[in-house]
Amino acid sequence: VCIGVKASNYFMPKETLSARGPGGGGWITMDMTLAVTANGKVWGADEQGYGRIYAIGDCNYGCVEGEGKPDDWPIPPIPKISYPGEEEAVIATRNIEKIDKLVFRGVKTDAFGYPLKPATMHWPWGAGMF
């Protein structure tokens, strides 16, 4: 349970903010790549549909909602502690690098020949440590 936190994302458009969550909502919503979303779609996407604005750390909603109970969501609620933000930063940074290669350099595969695509979020290993 997260107690004593409140979102301070007043600078973001209302359609990018959650209606619920710790402190009554107002957290930046995101997809599995950590790209900011509005009404279920990537907000601030480029012409190819790649997210160009990412929400990491305490500013984001801390989950990716799906069908059913929170434990069944693609990313269940993550505790608002420092470690998940660090791991999210690594994913967002790699996605910026990958999208740069795809869009501006024409690189379509990684060093091992696998298709180059944005990475998706996973449950952060250290999110349960307090």
**Student:** Tell me the closest heavy-atom pair linking Tyr54 and Ile99, and the distance in Å.
**Tutor:**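 Heavy atoms of Tyr54 and Ile99 come nearest at OH-CD1, 3.2 Å.
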**Student:** Do you know the tightest heavy-atom contact between Ala35 and Gly51?
**Tutor:**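 Of all heavy-atom pairs spanning Ala35 and Gly51, the closest is CB-CA, 3.9 Å.
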**Student:** Would you sort out whether Lys80 and Asn60 count as a side-chain contact (heavy atoms from CB on, under 4.5 Å), showing the intermediate values?
**Tutor:** CA-CA 9 Å; Lys80 295 238 176 249; Asn60 72 33; 4.1 Å; yes
**Student:** I need the minimum non-hydrogen distance between Phe104 and Arg52, along with the two atoms involved.
**Tutor:**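 Closest heavy-atom pair between Phe104 and Arg52: CE1-NH2, 3.9 Å.
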**Student:** How about Thr29 and Thr37: does a side-chain donor come under 3.5 Å of a side-chain acceptor?
**Tutor:**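 Judged by distance alone, the side chains do pair up.
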**Student:** Any chance you could lay out the side-chain contact (heavy atoms from CB on, under 4.5 Å) test for Ile91 and His122, step after step, and finish with the verdict?
**Tutor:** CA-CA 9 Å; Ile91 293 167; His122 55 273; 3.6 Å; yes
**Student:** Taking the side chain from Asn9 and the backbone from Gly26, do they hold a donor-acceptor pair closer than 3.5 Å?
**Tutor:**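 Between the backbone of Gly26 and the side chain of Asn9 there is a qualifying donor-acceptor contact (under 3.5 Å).
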**Student:** Could you grab the distance from atom CD1 of Ile81 to atom CD of Glu86, nearest 0.5 Å is fine?
**Tutor:**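 Here the interatomic distance stands at 9.5 Å.
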**Student:** What are the two closest non-hydrogen atoms of Trp123 and Pro79, and how far apart are they?
**Tutor:**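 It is CH2-CD, 3.9 Å.
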**Student:** Would you name the heavy atoms of Gly44 and Ile53 that are closest together and state the gap between them?
**Tutor:**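 Reported closest heavy-atom pair: CA-CD1, 4.2 Å.
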**Student:** Might you work through the side-chain contact (heavy atoms from CB on, under 4.5 Å) test for Met30 and Ile75, ending with a clear yes or no?
**Tutor:** CA-CA 10 Å; Met30 66 204 182; Ile75 296 292; 5.5 Å; no
**Student:** Quick one: does any side-chain atom of Trp73 pair with a main-chain N or O of Val64 as donor and acceptor, under 3.5 Å?
**Tutor:**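 Checked: no pair found.
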**Student:** Verify, without hydrogens or angle tests, whether Asp110 (side chain) and Leu116 (backbone) share a donor-acceptor contact under 3.5 angstrom.
**Tutor:**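 Checking the backbone N and O of Leu116 against the side chain of Asp110, no donor-acceptor pair under 3.5 Å is found.
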**Student:** Kindly work out whether a path of hydrophobic side-chain contacts (I/L/V/M/F/W/Y, heavy atoms less than 4.5 Å apart) joins Ile96 to Leu34.
**Tutor:**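 Result: yes, single cluster for both.
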**Student:** I would like to know whether Val42 and Val36 meet side-chain contact (heavy atoms from CB on, under 4.5 Å); could you show each step before the answer?
**Tutor:** CA-CA 6 Å; Val42 175; Val36 173; over 6 Å; no
**Student:** Indicate the atoms forming the closest heavy-atom contact of Ile56 with Ala92, along with that distance.
**Tutor:**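 Distance-wise, the nearest heavy atoms are CG2-CB, 3.9 Å.
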**Student:** So how far is it from Lys98 NZ to Asp100 CG, rounded to the nearest 0.5 Å?
**Tutor:**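 Output value for this atom pair is 13.0 Å.
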**Student:** Is it the case that the side chain of Trp27 and the backbone of Gly62 share a donor-acceptor pair, with hydrogens and angles ignored and the cut-off at 3.5 Å?
**Tutor:**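 Side chain of Trp27 to backbone of Gly62, a donor-acceptor pair under 3.5 Å: no, none is there.
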**Student:** Say you draw a straight line from CG of Leu102 to NZ of Lys108; how long is it, rounded to the nearest 0.5 Å?
**Tutor:**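 Separation between the atoms: 5.5 Å.
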**Student:** Within a 6.0 Å radius of atom CD on Gln48, are there more than 12 heavy atoms belonging to other residues, nucleotides or ligands?
**Tutor:**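 Yes, enclosed.
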**Student:** Would one find more than 12 heavy atoms of other residues, nucleotides or ligands at under 6.0 Å from atom CZ of Phe112?
**Tutor:**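 No, not enclosed.
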